[in-house]
Amino acid sequence: MISFFELFLIACLILLVNVVGFYLFRKKWLKRLDDHKKSTHRELSKELTSDFHDEVGSHLAKILSIAGILRLKTTTDQQGAYLDKIIESSKALFSGFGTLVWAIQSERTKCRDIYLEISDFGNKLFDASSTEFNCRIDEEGALRYMYYKSVKDVMLSIKEIVTNAMKHSQAQHINVDFGIDQDILNVKITDDGLGFSVDRAKLSGGLINLKKRSERSNFSYTMDSSNGSTFSLSIPIEHV
């Protein structure tokens, strides 16, 4: 015959099983709800950023078109210089905003995706230039994944370095090479131009931005101007 104490123990075990079961069910349900909210938020963010990108792109295209027409009709060097600045700033804004939207919309980014974006950016940038632009990536590096938080800063850093080389280096060749060393993506940007003063460059807005981005996204960089200019970025990537 079962004693009262044994019945009490059985009742406690049944209660414990129900409490644990309810806790696990609630935890699973809350996770599903949280995943649904994140998914909905992510889709909404994609839709909004895409619409905003199209809207900004449309207005910037109009600004560039009007500025281009006015540039052809300018009569003074001062007017031409102002219009050149408007055109240059509009292009930089569109490029930078495009990178932000691209980073937001990318669920998981392969190193190959970064390479393709930079390759397309560089080819368009130097399309009407005598400078030869090349972008390369090795087979192993193409398939590795970036950490999501570093994608935007890495993209903007490479684009800014390439853009500054186009503006100031007077180089005949500019190369961007992507390579993998274990769990590090190495990006080397080189040119055969005039080089730069390292001390003076450290005070420039471009290098200040590069320093901030590297600290925020946990990647390192070096620069050298002994023969043209070389920037080397070392970015941690996902472990295989």
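Computed from a predicted model, the values in this text were never measured in an experiment.
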**OP:** I would like to know whether R136 and V176 meet side chain to side chain contact (heavy atoms under 4.5 Å, CB included); could you show each step before the answer?
**Re:** CA-CA 6 Å; R136 299 177 286 258; V176 181; over 6 Å; no

Pairwise distance [atom1]([X]) to [atom2]([Y]) - rounded to 0.5 angstrom:
| X | Y | atom1 | atom2 | result |
| --- | --- | --- | --- | --- |
| L210 | F219 | CG | CZ | 5.5 Å |
| D177 | T190 | CG | OG1 | 6.0 Å |
| T131 | H173 | OG1 | NE2 | 9.0 Å |
| D138 | R112 | CG | CZ | 12.5 Å |
| N134 | N123 | CG | CG | 8.5 Å |
| N164 | K159 | CG | NZ | 14.0 Å |

Subject >> salt bridge (Lys or Arg N to Asp or Glu O under 4.0 Å) involving E132 - partner list, sequence neighbours excluded >> reply: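 Salt bridge (Lys or Arg N to Asp or Glu O under 4.0 Å) list for E132, sorted by chain: empty.
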
Check whether [X] and [Y] end up in the same hydrophobic cluster, where Ile, Leu, Val, Met, Phe, Trp and Tyr are linked by side-chain heavy atoms less than 4.5 Å apart.
| X | Y | answer |
| --- | --- | --- |
| L116 | I189 | yes |
| L143 | I137 | no |
| I184 | F231 | no |
| Y145 | Y115 | no |

Original post:
If every non-hydrogen atom of S214 is compared with every non-hydrogen atom of Y221, which pair is closest and at what distance?
Top reply: OG-CE2, 3.5 Å

Original post:
What do the steps show when you test N218 against I235 for side chain to side chain contact (heavy atoms under 4.5 Å, CB included), and what is the final call?
Top reply: CA-CA 7 Å; N218 191 35; I235 306 118; over 6 Å; no

Subject >> Residues F178, I158; criterion side chain to side chain contact (heavy atoms under 4.5 Å, CB included); working and verdict >> reply: CA-CA 11 Å; F178 293 78; I158 298 173; 4.2 Å; yes

Original post:
Are L125 and T163 close enough, and set up right, to give a side chain to side chain contact (heavy atoms under 4.5 Å, CB included), and what steps lead you there?
Top reply: CA-CA 8 Å; L125 187 67; T163 301; 4.1 Å; yes

Taking side chain as C-beta onward, heavy atoms only, is [X] less than 4.5 Å from [Y]?
| X | Y | answer |
| --- | --- | --- |
| L185 | M146 | yes |
| C111 | I237 | yes |
| N209 | L156 | no |

Test your reading of the model: is there a side-chain donor-acceptor pair from [X] to the backbone of [Y], 3.5 Å cut-off?
| X | Y | value |
| --- | --- | --- |
| S169 | A171 | yes |
| S150 | Y147 | yes |
| S229 | S225 | no |
| D113 | K110 | yes |

Original post:
Per the salt bridge (charged side-chain N to carboxylate O under 4.0 Å, His left out) rule, which among K212, K211, R213 passes with E215?
Top reply: K211

Original post:
If you look only at pairs with a residue in residues 180-196, which of them pass as a salt bridge (charged side-chain N to carboxylate O under 4.0 Å, His left out), with sequence neighbours excluded?
Top reply: R144-D183

Original post:
More than 12 foreign heavy atoms under 6.0 Å from CD of Q170: is that the case here?
Top reply: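 Not buried by this count: 12 neighbours or fewer within 6.0 Å.
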
